[in-house]
Peer 1: 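Here's a structure for you.
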Amino acid sequence: MKIGYPCVNWSIGCTSNKKFRIKSFSEEKFNSTVKNNLECLDKIVDYNIEHNLLFLRISSETIPFASHDICKIDWQNNFKKELEQIGKKLKQNNFRVSMHPGQFTVINSPNEEVVRKSISELQYHSDFLNLLQVDNTAKIQIHVGGVYGNKDAAIERFIKVYNSTPKEIKDRLAIENDDKHYSVDDCMIIFNKTEIPIILDNFHLECLNNGESLLEAYNLIENTWGKDHGVPMLDYSSQQPSARIGKHADHIDIQHFKEFMKIMKGKDADIIFEIKDKERSVLEAKKYL
DNA sequence: CCATGTCAAGGTCAC
DNA sequence: GTGACCTTGACATGG
């Protein structure tokens, strides 16, 4: 079991998320920002080696505007060496990585332009992971998307667009059950037609389910991870007390986590802690484990 | 220099 | 039809 946190480390004094306004886009600004972000990503990797946190979600903002029409810069070649070196370090230390494009990546949208931009965004993620030279156990995690008043049709659109993407994208995609619209059962419908692996999010499951328990949900998604995909990825979090339902906790609720681990006992999965204080909570979880 | 308005992108829901 | 929310900090403008 590998554990980790998403994108940002608050302890090391830099972020691999640095960005700038589109109005100030220039080659120089782009290059200096990417350089900063990759140097910081390297530091995050070092930190994680030191603390034995070997599952890392890499920020989608590492290469700002990478998929935007404004970006004509050949970052793939310009930063090839840096990415290769980070990738080598990942491999030497037996890391697993993932990326999670944001809410604007919606491949089942009825709007063709939205779909085009979404695929372009997936291509960027795929390029990035390919340049790290990580295998297909490194996943690009997305949500199914919108419902548009007809979930069956929306699921059909998802499958159709998924099938139309290049193999390198298909091989890396994974879908996650969300907290409002697409449950584990909905994801399973998609899996049955695409074999796309499913990332189980325990907190989203608490928010939206069809009566299945955590264990039942896990047993459903476990077999969606074929041998080339690696062991299942899980997102772990819990409700932030006295906040909107669905709001992720600021800090780990260790009691909740103990219950979670009791249920997951003996299961082999890699877990990302979607908790706001990031490495701090993960280290606490690790201490417990 | 500092305060604060604003930031590429979509979808859903409350009103 | 419009605006808040997700998430969210930090960029960058203008006083």
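Order of the sequence lines fixes the chain letters, A, B, ..., with proteins taken first and strands second; residue numbering starts at 1 for each chain.
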Peer 1: Does N77(A) have any side-chain hydrogen bond (donor to acceptor under 3.5 Å, both in side chains) partners at least two apart in sequence or in another chain, and if so, which?
Peer 2: D74(A)

Peer 1: Y124(A): what forms a ring pair (Phe, Tyr, Trp, His ring centres under 6.0 Å) with it, not counting sequence neighbours?
Peer 2: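 Applying ring pair (Phe, Tyr, Trp, His ring centres under 6.0 Å) to Y124(A) gives W75(A).
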
Peer 1: What interatomic distance, in whole Å, is found between P of dA4(C) and the corresponding atom of dG5(B)?
Peer 2: 14 Å

Peer 1: S183(A): which residues meet the side-chain hydrogen bond (donor to acceptor under 3.5 Å, both in side chains) condition with it, sequence neighbours left out?
Peer 2: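 Checked S183(A) against side-chain hydrogen bond (donor to acceptor under 3.5 Å, both in side chains); matches are D186(A), N210(A).
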
Peer 1: Which nucleotide of DNA chain C is the first, and which the last, in the 5' to 3' direction, to come under 4.0 Å of a heavy atom belonging to chain A?
Peer 2: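 Using the under 4.0 Å cut-off, the span is dC6(C) to dA12(C).
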
Peer 1: I'd like the C1' distance from dC11(C) over to dG10(B), given in whole Å.
Peer 2: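 Rounded to whole Å, the distance is 23 Å.
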
Peer 1: Please enumerate all residues that pass salt bridge (charged side-chain N to carboxylate O under 4.0 Å, His left out) together with K89(A), with sequence neighbours excluded.
Peer 2: D42(A), D46(A)

Peer 1: Could you list the residues that satisfy ring pair (Phe, Tyr, Trp, His ring centres under 6.0 Å) with H51(A), not counting sequence neighbours?
Peer 2: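 Listed in chain order: Y47(A).
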
Peer 1: Could I get the full list of ring pair (Phe, Tyr, Trp, His ring centres under 6.0 Å) partners for F260(A), not counting sequence neighbours?
Peer 2: Y236(A)

Peer 1: What interatomic distance, in whole Å, is found between P of dT2(C) and the corresponding atom of dA8(B)?
Peer 2: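 Going atom to atom, P in each nucleotide, I get 22 Å.
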
Peer 1: Taking atom P in both dT6(B) and dT7(C), compute the distance separating them and give it to the nearest angstrom.
Peer 2: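 It comes out at 23 Å once rounded to the nearest Å.
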
Peer 1: Taking dG11(B) as the reference, what is the distance to dG9(C) when you measure between their C1' atoms (whole Å, please)?
Peer 2: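 So the two C1' atoms sit 23 Å from each other.
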
Peer 1: I'd like to check the ring pair (Phe, Tyr, Trp, His ring centres under 6.0 Å) partners of F95(A); sequence neighbours left out, ordered by chain and number.
Peer 2: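 In terms of ring pair (Phe, Tyr, Trp, His ring centres under 6.0 Å), with neighbours along the sequence ignored, F95(A) is linked to no residue.
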
Peer 1: Mind checking what makes side-chain hydrogen bond (donor to acceptor under 3.5 Å, both in side chains) contact with N130(A), not counting sequence neighbours?
Peer 2: E168(A), R172(A)

Peer 1: Please report the closest heavy-atom contact between F273(A) and P6(A), naming both atoms and the distance.
Peer 2: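 Closest approach of F273(A) to P6(A): O-CD, 3.2 Å.
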
Peer 1: Does the protein touch nucleotides 7-15 of chain B at the base, only the backbone, or not at all? Give it as B, S and - per nucleotide, heavy atoms under 4.0 Å.
Peer 2: BBBBSSS--

Peer 1: Could you give all pairs that pass the ring pair (Phe, Tyr, Trp, His ring centres under 6.0 Å) test and reach residues 132-187 of chain A, with sequence neighbours left out?
Peer 2: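 Listed once each, the pairs are H100(A)-H143(A).
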
Peer 1: As a check on the pairing definition, encode DNA chain C in dot-bracket form, counting Watson-Crick and G-U wobble pairs whose two distances are under 3.5 Å, and using | for partners outside this strand.
Peer 2: ||||||..|||||||

Peer 1: I'd like to know if the side chain of S120(A) and the backbone of S67(A) have a donor-acceptor N/O pair within less than 3.5 Å.
Peer 2: yes

